[in-house]
Each structure stands twice: as structure tokens, then as C-alpha cells.
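Here is the structure we will look at, set down as C-alpha cells.
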Amino acid sequence: MFPFAYTKVADTREALAAGQRGGRYIAGGTTLVDLMRETVERPEAVVDISALPLRDITTTRDGGLRIGALVRMSEAAADRQVRGAFPVISEALELSASAQLRNMATIGGNIMQRTRCTYFRDVSAACNKRRPGSGCAALDGFNRTHAILGTSSQCVATHPSDVAVAFAALEASVRLLGPGGERTVPFADFLLQPGTTPDREQALQRGELITAVEIPAHPRPLWSGYLKVRDRQSYEFALTSAAVALHVQDGVIRTAKVAAGGVGTVPWKLPAVERYLVGKRPSDALWTEAAERAADGAKPLTHNGFKVELLKRTVARQLRVVGGTR
Ligand code: SF4
């Protein structure tokens, strides 16, 4: 281990001041402490924000949901409002990590998770995300679990969060608080694709604090759910996943929200699938036809070509689970 300063703050003003001085925020600690132990991250100062009043789940004025950044994953998964309106969020959370981790990890921390790329976590390996300009060991290494969408010549790592896939599908936004006040960033703009700066992962300014994730209102009834395909049934990251939400009225799909996980450098929204579904009547054939568009633009690496077909099948299956068999 290495020396670092630890401060526990009591209010947001104190947190922002510490963040401005370069302190790293910590709440559940389930990501940052691991990375510090492995010396992948070596912050000089850690700011404990776990006592801040950001632990509520409330209904917004337009009928959406606001989930405080410090709500524990297990609390959000079990919440009556979340389960009632957006089962896709509860299911994504329940399929993540272990029960012990879900009891500690927060919603804000979950979307800030860093990649599970093994080279990123091996400080002896070349990794542009950990050490910009050092190269990418995954490009010529073992890249079976890596991304096929949103990659660059600098980085091909996937984003590991499940609930972020549900947030992307539902077109959530992230509420941020900084020295200049509050702002809202659409979820699609919050997590950044690697491009030429894979070390920059979120659209956060220095010292900004995530206060909540907001899910907009969607037409009711909204059927939704999350499917995660992985090498083993527990405590494993997604090879592919699909978050699906559908609103069907008078036998016609009026709204379709679909995103995929395990395949992109960020949670991957599937607009071509959504467009194909809207205005059509649910049917087995439709789910398969729509899912054919799920891997548009994919660029497989040496060892992960199987993800192209697996992604299409994952999306087709979850469309069928949510939209029904006809
Ligand atoms: Fe690092 Fe990204 Fe390459 Fe993994 S894929 S080694 S995180 S640069």
C-alpha cells in the first residue's frame, strides 16, 4: 500500500471543496479500494462522502424517478417504486456482483466503475487507460471479453456496469453538482468512448459530484427486463446483455428502448433495433428481425468474434421475454 490522506465530509460544500483540491470521492469503496490495493490507482487524498444526504428515491414532477447517488444497489433493486415502474433496473442490479457487494456499492459508484480488462489491472502490462501512451496489451493479447463496439486503436475495454445498460436504454440522465452549481448530463453523454483519450471515462469536471440518476417518465404500461449472458451464473461480468423496455398499445409497439452490455466500450444503445420495432405488431419473427440489427458496426477482435451472434441472440431472446411469444 502507499500513504494517502483520508477525510470524511459531512456536507456537500465540504465535499466539493475537497474535490476541488483533487481528492477522490469514495462511498461504498467496492471499486476504488480494490484498485488502490492493486496500486492501479494511487490517489493522494480520498474523500469519504458516505454521510451525504443523497440516499433517497423519489418520483420526479413528470412522473419519472430520481435515484440518489448514495442509494445502495440492494436498496434500489428492492425499492417498490423502482420494481413497479422499471423492473429492468431491479433485474440489472440483482444480476450484478454478489449480495455482499450490492449491500455496500452505491448507484453513483456503480456507473463510475472502471473496466475489468485484466491488462488494466496488471500494472506490469501496457495500458493506455492506466498509463496514457503506453500501448494496449489487449489488442494483441487475449481479448475474448473485450468490446466489439465503440472501440478505438487506443482501447477496446468494455464498461462493466449492468445497471448502466438499463439507464442507457431508458435514456436516463445524471445530475452533477460542482462549484458552479448543478447541471444535468444525458446518460448517453456521461460515459465516454475511448477515442484517443481512454483515460478520460466520464464527462465530469474536476471536483464534480454525482448527486442522482434521473429516469424520465415513459408511457405506461411499460414492460421491461434485463438479460445477462455470462460464463457462470453468479458473480461474473456480462459477455453480452440486453436491457429492453416496450410500450404496446392497441397491439402495436409505440415505444421501444433497447441497449446492450458486455459488447461496447460504453453501454450500447441500439437505435436501429428500436426504430425497426416501433409501429409494428409484436411477433416472434419481429423479435428476430429487429435483433439482426443489434451488432451493426461491430468490429470483432481476434478472440471475441462470437459476441456478434451472441449479441443478436441475446437481444432477440430478451425482446421475446419482455414482448411475449406470439
Ligand atoms: Fe488498457 Fe483499454 Fe487496452 Fe485494456 S483495452 S489494456 S484497458 S487500453
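Residue numbers start at 1 and run along the sequence shown. Read the numbers this way: they start at 1 and go in the same order the structure lists the ligands and their atoms.
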note = Among non-hydrogen protein atoms, atom 5 (S) of ligand 1 lies closest to V156 N, 3.3 Å
task = Find all atoms of ligand 1 within a distance of less than 4.0 Å from any non-hydrogen atom belonging to Q154, and give their numbers and elements.
result = 8 (S)
task = May I ask you to list the atoms of ligand 1 that are less than 4.0 angstrom from any heavy atom of K129?
result = 7 (S), 8 (S)
task = Using a cut-off of 6.0 Å, state whether more than 12 heavy atoms not belonging to E309 lie near its atom CD.
result = yes
request  = Using a strict cut-off of 4.0 Å, indicate which atoms of ligand 1 neighbour a heavy atom of Y119.
outcome  = 6 (S)
ask   = Side chains of H247 and K257: closer than 4.5 Å at any heavy-atom pair?
value = no
request  = Taking both backbone and side-chain atoms into account, decide whether C117 has an N/O/S atom under 2.8 Å from atom 4 (Fe) of ligand 1.
outcome  = yes
message = A side-chain contact here means heavy atoms from C-beta on lying under 4.5 Å apart; do T106 and M73 qualify?
response = no
query = Which residue holds the protein heavy atom closest to atom 2 (Fe) of ligand 1, what is that atom called, and what is the gap in Å?
reply = C155 SG, 2.4 Å
ask   = By number and element, which atoms of ligand 1 are closer than 4.0 Å to a non-hydrogen atom of F120?
value = 7 (S)
key: Closest approach of any protein heavy atom to atom 3 (Fe) of ligand 1, naming residue and atom   = C136 SG, 2.3 Å
message = Just by distance, no angles: are the side chains of S50 and D48 close enough, under 3.5 Å, to form a donor-acceptor pair?
response = yes
message = Ignoring hydrogens and geometry beyond distance, is a side-chain donor-acceptor pair present between Y226 and Q318 at under 3.5 Å?
response = no
query = Backbone, side chain, both or neither: what part of A126 comes under 4.0 angstrom of ligand 1, heavy atoms only?
reply = backbone
query = What orientation do F142 and H303 show, parallel under 30°, tilted 30 to 60°, or perpendicular over 60°?
reply = tilted
key: Shortest protein contact, atom 1 (Fe) of ligand 1 (heavy atom only)   = C127 SG, 2.3 Å
request  = Would you check if there is a donor-acceptor pair between the side chains of R175 and T184 at a distance under 3.5 Å?
outcome  = yes
remark   = Note: R130, heavy atoms under 4.0 Å from ligand 1, region reported as neither
remark   = Paired with E274, the salt bridge (charged side-chain N to carboxylate O under 4.0 Å, His left out) test is passed by just one of K280, R293, K269, namely K269
